[in-house]
Colleague: 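Structure below; questions to follow.
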Amino acid sequence: MCGRYSLAGPDPAELRTRFGLREAPEWTPRYNLAPGEAILTVTAGPDGAREVARRRWGLVPPFLEQPPRSGALFNARAETAAEKPLFRAAFARSRCLIPADGFYEWARLPDEPIPGAPGRPPRRPFHVSAADGAILAFAGLAALWRPGTAEAIASTTILTTVANATVAAVHHRMPVILTPEQELEWLDPTTPVGRLRELISGEATPTLSLVAVNPAVNDARHDGPDCLTPPPPGPPTSRSRARGPVAVAPTLF
DNA sequence: CCAGACGTTGTT
DNA sequence: GTCTGG
DNA sequence: CCAGACGTTGTT
DNA sequence: GTCTGG
């Protein structure tokens, strides 16, 4: 799944180039983006030009009288989003991209708990990024909620699909990642549904790398470079004591 | 017909 | 808006 | 996603 | 256990 991600590496100029934007977007590095927050999205405007906008992460479909609780609907299953009442209209008419340089997953390590420690072992955070360091584009849906009186809400959700072999070490779902070629078709309003389904099937996911990171990322209020650093040595798992990128046992799931 | 939900995730 | 349950 | 609150009363 | 906030 995808409930936390980073967009910290690329500066505005790089984002402009990578996504074909007219102007560089306002953006300062974010290491710990969470549901409910304002995130960066890219859509195709009426003339086909790329447009960038900040949207609340957590879709607010236009027909709801009240927005769902903050951050709900932050993912939609790619397999069913075209049919689900909450996502159908956005799938048909309002697709978008979410720029990212990686996403986080949490998993309990197999060799915990420590003998003598009470309770279940905690889930540990991992960061997943492109093996070549490229900027990623998640496939997403967008909506604009215009209530009578209150302020309008621009919102978005990230599509999820089955985890590839790399991510499957820690989790069974992951965000849909598009290649630059696929992005064109995903944003094109004339792309037929059958093709859209192919695009988000996860077939073309780039090679990813997975590393254990500092549990500082657990707290969504913590937003700093240490979200991406290796876990500090510490309460005792052999894995968390390793240095540098940490290999993960291949079949937790 | 009207009323009320409409989601994903993980966990057991 | 659209579907399900009563 | 994870972390942290979750309430009422009376008093200042 | 469940909901809210980040």
Side-chain angles (χ1 to χ4, degrees), chain A residues 1-8 28-40 54-94 98 100-110 112-113 119-129 138-148 153 155-163 167-176 200 202 210 212-224 226-228 231 252-253:
Chain A
M1 74 96 47
C2 184
R4 213 70 81 76
Y5 75 97
S6 62
L7 181 57
T28 53
R30 294 296 308 278
Y31 299 87
N32 200 355
L33 292 157
E37 294 191 59
I39 64 173
L40 211 61
R54 284 170 180 268
R55 296 175 179 276
R56 178 197 289 193
W57 185 10
L59 201 74
V60 184
F63 53 83
L64 294 186
E65 296 194 2
Q66 293 299 132
R69 72 171 192 274
S70 171
L73 309 184
F74 60 90
N75 286 154
R77 293 175 63 90
E79 299 91 330
T80 54
E83 291 84 44
K84 293 285 185 183
L86 284 172
F87 301 128
R88 184 180 173 175
F91 191 98
R93 291 185 290 278
S94 192
I98 293 95
D101 52 21
F103 59 94
Y104 298 96
E105 299 286 0
W106 280 259
R108 266 181 263 281
L109 296 173
E112 292 183 276
R120 316 177 67 207
R123 279 160 44 103
R124 307 277 182 198
F126 298 83
H127 186 255
V128 182
S129 57
F138 300 150
L141 306 177
L144 184 59
W145 186 75
R146 307 178 201 74
I153 299 174
S155 64
T156 187
T157 191
I158 295 174
L159 298 184
T160 63
T161 187
V162 176
V167 177
V170 292
H171 208 86
H172 65 113
R173 304 286 296 175
M174 67 179 215
V176 173
I200 59 177
L210 171 73
V213 292
N214 193 318
V217 73
N218 291 3
D219 189 335
R221 294 167 297 189
H222 184 91
D223 185 37
D226 54 343
C227 290
L228 295 175
L252 271 180
F253 293 87

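Because the structure is a prediction, the values reported are computed rather than measured. Within every chain, numbering begins at 1; the chains are lettered A, B, ... in the order of the sequence lines, protein sequences first and strands thereafter. Just so you know, these numbers use all the heavy atoms, side chains as well, and skip hydrogens, waters and symmetry mates.
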Colleague: Rounding to a whole Å, what distance do you find between A/Arg77:CZ and B/dT8:C1'?
Modeller: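 The answer, rounded to whole Å, is 8 Å.
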
Colleague: When both hydrogen-bonding distances must be under 3.5 Å and the geometry is Watson-Crick or G-U wobble, what is E/dC3 paired with, if anything?
Modeller: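 For E/dC3, the partner nucleotide comes out as D/dG4, under the 3.5 Å rule.
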
Colleague: Rounded off to whole Å, could you give me the CE-to-C1' distance for the A/Met174 and B/dT8 pair?
Modeller: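 It works out to 16 Å between those atoms.
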
Colleague: Under 4.0 Å between a side-chain N/O of A/Arg123 and OP1 or OP2 of D/dC2, yes or no?
Modeller: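 Result: yes.
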
Colleague: Between D/dA3, B/dG7, D/dC2, which nucleotide has the shortest distance from any of its atoms to the side chain of A/Arg221?
Modeller: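 Looking only at heavy atoms from C-beta outward on A/Arg221, the closest nucleotide is D/dA3.
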
Colleague: I want to check one thing: is the phosphate of B/dC6, taken as OP1 and OP2, less than 4.0 Å away from some side-chain N or O of A/Arg88?
Modeller: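 For B/dC6, OP1/OP2 do not have a side-chain N/O of A/Arg88 under 4.0 Å.
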
Colleague: Please report the distance separating the C1' of B/dA5 from the corresponding atom of E/dG5, rounded so that it comes out in whole Å.
Modeller: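 One C1' to the other, the span is 24 Å.
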
Colleague: Let's see if you can work this out: which of D/dA3, B/dT9, B/dC6 has an atom nearest to the side-chain heavy atoms of A/Pro85?
Modeller: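 Comparing D/dA3, B/dT9, B/dC6 against the side chain of A/Pro85, the answer is B/dC6.
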
Colleague: Does A/Arg108 have a side-chain nitrogen or oxygen under 4.0 Å from the phosphate oxygens OP1 or OP2 of B/dT11?
Modeller: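 Indeed, a polar side-chain atom of A/Arg108 lies that close.
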
Colleague: Taking atom P in both B/dT11 and E/dG1, compute the distance separating them and give it to the nearest angstrom.
Modeller: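 Each nucleotide's P atom is 13 Å from the other's.
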
Colleague: May I ask you to say what A/Leu64 touches in the nucleic acid, namely base, sugar-phosphate or nothing, with a heavy-atom cut-off under 4.0 Å?
Modeller: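 A/Leu64: base contact, heavy atoms under 4.0 Å.
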
Colleague: Looking at every strand, decide which applies to A/Phe87 at a 4.0 Å heavy-atom threshold: base, sugar-phosphate, or nothing.
Modeller: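 Sugar-phosphate contact only.
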
Colleague: Return the value, rounded to whole Å, for the distance between atom CD of A/Glu105 and atom C1' of B/dT8.
Modeller: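 Going from CD in A/Glu105 over to C1' in B/dT8 covers 13 Å.
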
Colleague: If I take atom CZ in residue A/Phe126 and atom P in nucleotide D/dC2, what distance separates them, rounded to the nearest angstrom?
Modeller: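 Atom-to-atom, A/Phe126 to D/dC2, this comes out as 12 Å.
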
Colleague: If I pick the P atom on D/dC1 and the same atom on B/dT8, what distance separates them, to the nearest angstrom?
Modeller: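 Per the computed distance, 13 Å lies between those P atoms.
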
Colleague: Can you check whether A/Lys84 has a side-chain N or O nearer than 4.0 Å to OP1 or OP2 of B/dG7?
Modeller: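 It does, given that an N or O in the side chain of A/Lys84 lies less than 4.0 Å from OP1 or OP2 of B/dG7.
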
Colleague: Sticking with atom P, work out how far D/dC2 lies from B/dT9, rounded to a whole angstrom.
Modeller: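 So the two P atoms sit 13 Å from each other.
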
Colleague: Within this structure, what is the CH2-to-P distance between A/Trp57 and E/dT4, rounded to whole angstrom?
Modeller: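 Taking atom P of E/dT4 as the reference, CH2 of A/Trp57 is at 19 Å.
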
Colleague: Can you tell me if A/Ser129 and A/Asp101 form a side-chain donor-acceptor pair at under 3.5 Å?
Modeller: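 Looking only at side-chain atoms, A/Asp101 and A/Ser129 do not form any donor-acceptor pair under 3.5 Å.
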
Colleague: With a 4.0 Å cut-off on heavy atoms, is A/Arg69 in touch with a base, just the backbone sugar-phosphate, or nothing at all?
Modeller: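 Answer is base: heavy atoms of A/Arg69 come under 4.0 Å of a base.
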
Colleague: Have a look at A/Thr160 and say if it touches a base, only the backbone sugar-phosphate, or nothing, with a 4.0 Å heavy-atom cut-off.
Modeller: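 Sugar-phosphate, backbone atoms only, no base.
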
Colleague: Provide, to the nearest angstrom, the distance between the CG atom belonging to A/Asn214 and the P atom belonging to D/dC1.
Modeller: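 Rounded to the whole Å, the gap is 20 Å.
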
Colleague: For A/Ala89, which contact category applies under a 4.0 Å heavy-atom criterion: base, sugar-phosphate, or nothing?
Modeller: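 If one applies the 4.0 Å heavy-atom cut-off, A/Ala89 turns out to touch nothing in the nucleic acid.
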
Colleague: Sequence neighbours left out, what pairs pass side chain to side chain donor-acceptor pair (under 3.5 Å) with at least one residue falling in residues 69-78 of chain A?
Modeller: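 Every pair satisfying side chain to side chain donor-acceptor pair (under 3.5 Å) with a residue in residues 69-78 of chain A: there are none.
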
Colleague: Quick check on salt bridge (Lys or Arg N to Asp or Glu O under 4.0 Å): which of A/Arg221, A/Arg30, A/Arg56 does A/Glu37 satisfy it with?
Modeller: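 Result for salt bridge (Lys or Arg N to Asp or Glu O under 4.0 Å) with A/Glu37: A/Arg30.
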
Colleague: Taking the side chain as every heavy atom from C-beta outward, state whether A/Thr161 and A/Ile200 have any atom pair closer than 4.5 Å.
Modeller: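 The answer is no, as the side chains (C-beta and beyond) never meet within the 4.5 Å cut-off.
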
Colleague: Look at the side chain of A/Thr157 and the backbone N and O of A/Leu59, then say whether any donor-acceptor pair between them is shorter than 3.5 Å.
Modeller: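 Answer holds: no.
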
Colleague: Can you identify which nucleotide, out of D/dG4, B/dC6, B/dG7, has its nearest atom closest to the A/Leu73 side chain?
Modeller: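 Of all the options, the side chain of A/Leu73 is nearest to B/dG7.
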
Colleague: Counting only pairs under 3.5 Å, give me each side-chain donor-acceptor contact of residues 82-89 of chain A, with atom names and distances, residues two or more places apart or in other chains.
Modeller:
from    : atom 1 : to       : atom 2 : distance (Å)
A/Glu83 : OE2    : A/Arg197 : NH2    : 2.1

Colleague: Please report, rounded to the nearest Å, how far the C1' atom of E/dC3 is from the CZ atom of A/Phe74.
Modeller: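 After rounding, the reported distance stands at 14 Å.
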
Colleague: Distance check: side-chain N/O of A/Thr157 vs OP1/OP2 of B/dT8, anything under 4.0 Å?
Modeller: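 False: A/Thr157 side-chain N/O out of range (4.0 Å or more) of B/dT8 OP1/OP2.
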
Colleague: Taking atom P of D/dA3 as reference, at what distance in whole Å does atom OH of A/Tyr104 sit?
Modeller: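 Going from OH in A/Tyr104 over to P in D/dA3 covers 14 Å.
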
